[in-house]
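Computed from a predicted structure; not experimentally measured. Chain identifiers are assigned alphabetically (A, B, ...) following the order of the sequence lines, protein sequences preceding nucleic acid strands; residue numbering begins at 1 within each chain.
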Amino acid sequence: MADASLRHSTASAQDQNTILTNNESGCSKAQEQPLRHPLGGITPKIHDVTEKFTKACNALEVGQLVKDDYFTLFESIGAIEIMDPKMDSGFLQPGETLEDDYDCLTPLLPEELIGIMDQLLCYEMAWHTGYPLSQTLFTSLYIDKLLWPETRILERAQFYRGDIPDDKRPGPLLQVLRAYCLALIKGCDFVIAKIAARDYFEEEDFCTQTYNRVLFVSIPMDVFLRELDSAMEVVEDESLEINTALRSAIHSRLEFRKDFLRAQDLDLPLDLISYSWPTILENLGTLKNTHQLGQVVPGAFSTKMQRRLASTVPPRPIVELEFKDALEKLQQLCTDCKEATRFISLPQDPLEYQSFLWFFASRSPAPLAYSRSYLATLLFHPDVLQTSVSLPLSDVKTLVFPASPVLDPVNWTFSPPRNPMLPKPPRLQLAMLVDEFVDRCGQPYLDLWVALGQNRCRLRRMLTHVITGWDMLQADASSVDADISQAAEELGITDQVLEFSLSTWVYHKKLWMIEKIILLGFEQDIYLPDEFSGMYLFLSLIATRRKELLKRVEAHYLRRGEQLLKSRNLRDAQEVDDAGPYLDSLLAEAEGVASLSLALARFYIILLYLHMLPLPKRPFAKEELRYELRMKPFLSLQPPEAPPFEDFKAHTQPYGDFAAPDPAFQLDLNDMASDLWTEVDRHLKAAKEAFADVKKMGPKAVKAEGVATAWNKDVQSALASCIALGVAVAGVKGAVSKTNAASSESLGIKVVIPESGAGKRYAEGWIVAKILKME
Amino acid sequence: MEDQKAPETKEEPDLQYVQYEPAKEEQFLPAIRQLISKDLSEPYSIYVYRYFLYQWGYLCYMTLDANNSLIGVIVCKLEPHRSGTFRGYIAMLAVQETYRGRGIATNLVRLAIEAMASRSADEIVLETEVTNTASLKLYERLGFLRSKRLHRYYLNGNAAFRLILYLKEGTALKRPDPAGQGHGHVHEHGHEHGYGMGIESGMTS
């Protein structure tokens with residue numbers, strides 16, 4: 001899914017090698033390349049076109065452009081202008097030298113060694129946050145020396161190449177730095193391998209570009225650990241004259257590097273992974289406390305290194321991350337990875353996995369690309385997903401097939417009749433239908449999991465695509481359902497099977513995703529304040545649909561439970577009973593979402609009529625078209641989810657135009673017993689009760705036991721949002737009843753929309769306006 | 001509350017709004033480049049400007065003062081998009097710092113929208129930095145909505161909002177024309193393309 005996008009054009013341009021001229025075909029380096037590497041001994045022919053070209057150019061007016069259809073915007077953005085200092089990295093200002101005159105063999109002070117190590121860590125973390133190596137680690141002259149010219153023998157990867165006089169040989173502290181750098185580089189190799197093996201977006205999530213440097217791919221990790229061990233011996237050696245504090249600061253940095261490299265090891269066995277991160281986390285304090293012992297060595301890093309890396313990329317500033325911030329990032333990375341290692345000990349249940357993935361993606365601050373890839377690697381690890389039952393099937397069973405004859409193991413024991421023309425036994429048909437459906441589920445199921453591993457913005461957008469896949473799955477599920485019900489009829493067990501069971505399961509998951517898409521939209525500030533009421537209303541509609549769907553399932557459970565009790569099948573009756581808490585919890589949660597969003601919708605409608613929310617004039621926009629744009633991700637769904645515009649308008653503007661509301665608004669506003677107010681209160685009360693029920697049922701019921709803490713916090717924040725809304729409603733009511741007025745100016749209150757991502761909302765997806773008294 | 005401080009589109013007699021044309025390249029391109037690059041950490045090569053102005057010069061408008069000096073400029077394109085729509089794109093918008101706050105940018109955007117609408121655009125899109133409130137306000141006042149948040153969209157690591165204005169009914173339902181591959185534009189990576197580098201900077205209202 002590598003997605004080299006135009007926005008970071010020039011880095012991508014490097015592959016394009018386009019320094020374009022406005023002649024007809026362009027003389028790109030891509031075409032030159034074969035000339036430099038003749039294949040199979042073919043002698044290249046060189047045609048001098050200078051004269052032709054000059055002549056052709058002279059026939060053009062200034063400003064007249066010859067452009068073929070293959071010259072794209074992508075290429076135009078990738079182009080640079082030679083001799084423009086902002087674009088041409090080879091351009092030298094008067095007196096500027098091409099390369100740095102820093103000597104990597106000059107002996108270092110221990111303070112300088114610490115300074116360089118810490119600076120390297122800053123760049124390493126800057127790289128982790130998404131900046132390219134060229135603006136971070138690869139600005140280090142030491143790293144450049146180790147990597148270039150390339151050597152496949154580690155002993156030759158030195159701060160020099162070839163022979164040097166003995167008195168120039170690097171001293172002990174330079175040897176220590178070398179070991180540190182080597183391990184750091186190998187760590188980068190591991191990081192790139194881990195991220196590149198998963199779904200990620202190049203340059204958006206992370207930059208894997210190494211500018212033709214090979215990060216010791218083929219050298220095993222042990223070699224680097226040994227280098228670190230000998231470096232530690234050097235530091236421990238009493239003959240090294242150095243003060244104790246510095247000695248131990250250097251030592252702890254080497255230890256950190258060793259622990260970190262081991263944690264990043266791609267082949268670390270699953271049973272060891274959970275031990276790797278806590279050790280690092282425990283020792284971060286030492287790095288922090290000894291940082292001030294270091295001394296910066298500015299000459300050890302240089303933007304000029306970029307010239308050596310890629311000639312077609314404009315010079316870009318080094319990304320400076322403060323040591324304190326770098327450590328914070330490192331701590332976050334380790335904590336997230338530590339959390340991810342818990343994945344392998346989760347109960348083997350796809351719904352537990354789903355909860356884990358959802359809450360991991362919801363962590364704040366958002367996990368870095370590496371941590372997300374780390375979890376994804378575990379998720380798709382063959383030893384982790386070793387279950388006897390297929391994951392989608394287990395998911396289906398939990399919701400729609402507890403103690404169901406459709407999944408009776410006996411069904412899988414029948415053999416098809418010898419004569420293929422003869423009908424198959426209905427029980428065998430059931431087994432085959434289920435197998436077929438489970439097979440069909442694989443991709444959409446995987447797509448959902450992949451989406452859950454993306455950055456937050458992508459998650460929202462990917463889900464809008466994932467639901468399209470689930471929409472098609474729903475259509476297929478319906479036809480399988482028809483076949484199932486026919487087989488059930490033949491067996492005379494129709495009353496034991498939930499009607500449309502498979503499509504119910506698919507539809508439920510689809511609706512859940514739609515709810516998440518809308519909530520993520522609020523979280524990411526996609527909606528403007530005057531859209532809040534409409535979008536919360538839509539959310540309420542979707543959650544209500546899900547609730548009704550679940551009610552149907554509930555009715556089936558009751559019926560089925562009774563049947564089983566009547567027939568004294570206590571074991572199966574127990575199984576249906578056991579499925580109850582999950583269903584109840586889903587029902588309560590759907591009720592909570594539906595009610596809170598409806599209460600919010602009604603509250604924001606009041607604010608709009610009171611002219612307390614910004615309402616742009618929008619001279620170029622039609623209301624209907626804005627609605628179409630908002631509903632775009634849902635327009636193709638079946639059954640249709642987006643209500644017709646007229647319905648939507650009638651519900652979001654019950655008193656007509658916001659600028660000139662129907663007189664009934666004024667009456668209802670001043671009547672605290674009118675629906676205008678009581679409906680808000682009623683839904684808010686229902687929301688509170690529902691979320692309180694969810695909380696009471698606990699994380700186990702909803703299959704979020706593995707993330708109980710995060711889940712509890714989530715339910716709590718929904719409850720807090722309810723309370724905040726209650727306060728806000730009371731604020732408006734109080735002002736209205738006091739003044740009998742109908743506009744914000746005279747009400748003496750104002751509305752503040754808490755901003756996202758700043759800890760000002762109880763839940764990022766539930767935007768509850770604050771009502772403040774005006775001074 | 002009406003959106004406060006909507007800029008008065010004052011008639012400023014000294015300023016005139018002029019459509020760009022290729023014959024004006026020598027006279028105006030250097031000034032256009034200078035005005036737009038001012039706030040960019042990395043300037044665009046001349047080919048980026050030519051790419052737009054050569055093909056869609058008629059969607060470029062300039063604000064000039066009495067001496068014909070460039071005060072503001074807007075650069076756009078309009079072409080079939082792989083989603084199946086006929087999509088207008090506002091690529092660059094800049095107004096000289098001393099002239100900001102007078103509604104010049106708004107006027108330029110209005111002219112561009114009208115020009116694209118008259119050429120049957122289905123929609124108009126652009127990206128702007130999530131922190132650029134002035135720019136967001138300007139477009140949202142005119143009717144644009146936020147459709148997406150784009151993670152680390154700019155070179156400086158900042159996120160962007162994609163803003164969209166629909167001009168025609170049924171735009172959301174348009175699908176790619178299977179035969180219509182390549183309108184001379186190869187979207188090599190199937191990405192949502194953008195032009196990055198804070199192209200919408202230099203903007204107030």
pair B:K168-B:T85: side-chain heavy atoms closer than 4.5 Å | no
Under a 4.5 Å heavy-atom cut-off, does chain B meet the side chain of A:E531, its backbone, both or neither?
-> side chain
Chain B shares the most heavy-atom pairs under 4.5 Å, among A:D84, A:V319, A:T129, with A:T129
Under 3.5 Å donor-acceptor, B:K77 side chain and B:A91 backbone = no
Which region of B:I124, side chain (C-beta onward) or backbone (N, CA, C, O), has a non-hydrogen atom less than 4.5 Å from a non-hydrogen atom of chain A, or is it both or neither?
-> neither
Top contributor to chain B contacts, counting heavy-atom pairs under 4.5 Å, from A:P317, A:P633, A:A621 | A:A621
Pick one of side chain, backbone, both or neither for A:Y131, based on which atoms fall under 4.5 Å of a heavy atom in chain B.
-> both
Contact origin within A:D525 toward chain B - heavy atom pairs under 4.5 Å | both
A:L607 versus A:F532: any side-chain heavy-atom pair under 4.5 Å?
-> no
Taking the six-membered ring for Trp, are the ring centroids of B:Y20 and B:F28 within less than 6.0 Å of each other?
-> no
Interface residue of largest heavy-atom contact number with chain A, from B:V130, B:L167, B:I113, B:L29, under 4.5 Å | B:I113
Where on A:R460 is there a heavy atom nearer than 4.5 Å to chain B: the side chain, the backbone, both, or neither?
-> side chain
Tell me, side chain or backbone of A:L528 under 4.5 Å from chain B's heavy atoms, or both, or neither?
-> side chain
Over 12 foreign heavy atoms within 6.0 Å of CD, B:Q34 = no
With a 4.5 angstrom heavy-atom cut-off, which part of B:L165 approaches chain A: side chain, backbone, both or neither?
-> side chain
Look at atom CD of B:E169 and say whether more than 12 heavy atoms of other residues, nucleotides or ligands are closer to it than 6.0 Å.
-> no
Smallest heavy-atom separation, A:M631 atom then A:A642 atom, equals SD-CB, 3.6 Å
If you tally heavy-atom pairs under 4.5 Å between each of B:R146, B:E123, B:K24 and chain A, the highest tally belongs to B:R146
Any B:L150 side-chain heavy atom under 4.5 Å of A:R461 side chain = yes
